[in-house]
Peer 1: 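Take a look at the following structure, please.
Bear in mind that the values here come from a model prediction, so they are computed numbers and not experimental data.
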Amino acid sequence: MKISEVKNNKKAYMDLLFLADEQEDMIDRYIDRGIMFVLDDDGVKAECVVTDEGNGVLEIKNLATCPAFQNRGYAKKLVSFVEQKYRGKYKILRVGTGDSPLTVPFYRKCGFEERYRVKNFFTDHYDHPIFEGGVQLVDMVYFEKELDYGN
């Protein structure tokens, strides 16, 4: 298994990016300024895009695993990789996600804690209703995890 940074042609991974963010113009808001990592385990299985949000905050903007390979720990390995790579360089690792029964437990299991919500984010910013795990996503839920900054 190998995790590597994608520096060019990030849109070649749109099929994976769309699993975590269904609307291309939303992806376009962060793809160019983001750092993308792919996890290859006899083929690309997962991807992650992180952005520097300033003030010591690194944000996971997109994290997705190919459906046939979900629940095998690939996304957790990417989160752990990002934590290790940026420990000491950032204070906080943040992620925003829908209030979904599929993603919220995953981030909690990874050690993230809910910090705040942006009401109606999905209904205000997407051109169609988004459903995940049988639930319509309305609010953006932000989770954070402290990184060992400067230690």
Peer 1: For the residue pair V141 and G98, what are the closest heavy atoms and their distance?
Peer 2: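 Reported closest heavy-atom pair: CG2-C, 4.4 Å.
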Peer 1: Do L137 and Y142 sit in one hydrophobic cluster, given that two such residues count as connected whenever their side-chain heavy atoms are within less than 4.5 Å of each other, even indirectly?
Peer 2: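 Yes, it is one cluster - the side chains of L137 and Y142 are joined through contacts under 4.5 Å.
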Peer 1: Please round to the nearest 0.5 Å and tell me the distance separating atom CG of L39 and atom NZ of K76.
Peer 2: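 Between atom CG of L39 and atom NZ of K76 there are 13.5 Å.
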Peer 1: Check the pair D99, V135 against side-chain contact (heavy atoms from CB on, under 4.5 Å), reporting the backbone distance first and the verdict last.
Peer 2: CA-CA 8 Å; D99 196 1; V135 174; over 6 Å; no
Peer 1: So does D25 have more than 12 non-hydrogen atoms from other groups sitting under 6.0 Å from CG?
Peer 2: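 Check passes, neighbour count above 12.
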Peer 1: side-chain contact (heavy atoms from CB on, under 4.5 Å) between Q136 and F122: does it pass, once the steps are laid out?
Peer 2: CA-CA 9 Å; Q136 182 177 357; F122 290 96; over 6 Å; no
Peer 1: For the hydrophobic clusters of this structure (ILVMFWY residues joined by side-chain heavy atoms under 4.5 Å, transitively), does one cluster hold both V79 and V50?
Peer 2: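 Yes; tracing contacts between hydrophobic side chains, which count when under 4.5 Å, links both residues.
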Peer 1: Are side-chain heavy atoms of V138 and N120 found at a separation under 4.5 Å?
Peer 2: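 With C-beta onward as the side chain, the pair touches.
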Peer 1: I would like to know whether C48 and I60 meet side-chain contact (heavy atoms from CB on, under 4.5 Å); could you show each step before the answer?
Peer 2: CA-CA 7 Å; C48 180; I60 297 172; 4.1 Å; yes
Peer 1: Nearest 0.5 Å please: distance from the CD atom of E59 over to the CG atom of L93.
Peer 2: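 Interatomic distance, E59 CD to L93 CG, rounded to 0.5 Å: 9.0 Å.
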Peer 1: Answer yes or no: is there an ion pair linking R33 with E53, defined by an N-O contact shorter than 4.0 Å?
Peer 2: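 A salt bridge is present here (some side-chain N lies under 4.0 Å from a carboxylate O).
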Peer 1: Minimum heavy-atom separation for G96 and M140, please, with both atom names.
Peer 2: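 That would be C-SD, 3.2 Å.
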Peer 1: Under a 4.5 Å cut-off applied to non-hydrogen side-chain atoms, are M14 and E24 in contact?
Peer 2: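 Yes, at least one pair of side-chain atoms sits under 4.5 Å.
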Peer 1: Using a strict threshold of under 4.0 Å (side-chain N to carboxylate O), is an ion pair present between R72 and D41?
Peer 2: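 Not counted as a salt bridge, because no side-chain N and carboxylate O are separated by less than 4.0 Å.
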Peer 1: Check the angle between the aromatic planes of F37 and F81 and answer parallel, tilted or perpendicular using the 30° and 60° thresholds.
Peer 2: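 Geometry flag for F81 against F37: perpendicular rings.
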Peer 1: When clusters are formed by joining ILVMFWY residues with side-chain heavy atoms under 4.5 Å apart, either directly or through shared neighbours, do I31 and V6 land in the same one?
Peer 2: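 Yes: a chain of side-chain contacts under 4.5 Å links I31 to V6.
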Peer 1: Other residues, nucleotides and ligands only: do more than 12 of their heavy atoms fall within 6.0 Å of CD on E113?
Peer 2: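 Counting other residues, nucleotides and ligands, CD of E113 stays at 12 neighbours or fewer.
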Peer 1: Any side-chain heavy atom of K91 within less than 4.5 Å of one from N55?
Peer 2: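 Side-chain contact under 4.5 Å: no.
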Peer 1: Got a second to check how far K145's NZ is from Y107's OH, nearest 0.5 Å?
Peer 2: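 Interatomic distance, K145 NZ to Y107 OH, rounded to 0.5 Å: 11.5 Å.
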Peer 1: Check the pair L16 / V44 against side-chain contact (heavy atoms from CB on, under 4.5 Å), numbers first and verdict last.
Peer 2: CA-CA 10 Å; L16 268 174; V44 173; 3.7 Å; yes
Peer 1: Does L19 share a hydrophobic cluster with V49, counting links as ILVMFWY side-chain heavy atoms below 4.5 Å and allowing steps through other members?
Peer 2: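 Linked within one cluster.
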Peer 1: Using atom types as modelled and distance alone, determine if a side-chain donor or acceptor of K10 lies under 3.5 Å from a backbone N or O of G34.
Peer 2: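 Yes; at least one donor-acceptor contact below 3.5 Å.
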Peer 1: I want to check something: taking the side chain as every heavy atom from C-beta on, are Y90 and D52 in contact at a cut-off of under 4.5 Å?
Peer 2: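 Answer yes - side chains close enough.
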Peer 1: Could you check whether atom CD of E146 has more than 12 heavy atoms from other residues, nucleotides or ligands sitting under 6.0 Å from it?
Peer 2: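 12 or below, so no.
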Peer 1: Out of curiosity, D42 CG to K2 NZ, how far, rounded to the nearest 0.5 Å?
Peer 2: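 The distance works out to 13.5 Å.
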Peer 1: Measure the shortest side-chain to side-chain distance between R108 and F143 over non-hydrogen atoms and say whether it is less than 4.5 angstrom.
Peer 2: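 Contact flag for R108/F143 side chains = yes.
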Peer 1: Quick check for you: to the nearest 0.5 Å, what is the distance between L58 atom CG and K85 atom NZ?
Peer 2: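 Interatomic distance, L58 CG to K85 NZ, rounded to 0.5 Å: 11.0 Å.
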Peer 1: Is the CG atom of D127 crowded by more than 12 outside heavy atoms at less than 6.0 Å?
Peer 2: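 Counting neighbours around CG of D127, more than 12 heavy atoms of other residues, nucleotides or ligands fall under 6.0 Å, so yes.
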Peer 1: Using side-chain heavy atoms (C-beta onward) and a distance below 4.5 Å, is T97 in contact with F106?
Peer 2: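 No, side chains not in contact.
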Peer 1: Do Y13 and L63 share a hydrophobic cluster, counting only Ile, Leu, Val, Met, Phe, Trp and Tyr and linking them when any side-chain heavy atoms are less than 4.5 Å apart?
Peer 2: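 Per the 4.5 Å side-chain linkage, Y13 and L63 are not co-clustered.
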Peer 1: Tell me the closest heavy-atom pair linking P105 and S100, and the distance in Å.
Peer 2: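 For P105 versus S100, the nearest heavy atoms are CD-O, 3.7 Å.
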Peer 1: Measure the spacing between CD of E47 and CG of N62 and express it to the nearest 0.5 Å.
Peer 2: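 If I round to the nearest 0.5 Å, the distance is 4.0 Å.
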Peer 1: So do D21 and Y126 actually touch side chain to side chain, heavy atoms under 4.5 Å?
Peer 2: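 A side-chain contact exists here, since the closest heavy-atom pair is under 4.5 Å.
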Peer 1: Do R94 and F112 have side chains that get closer than 4.5 Å, going by heavy atoms?
Peer 2: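 R94 vs F112: side chains apart.
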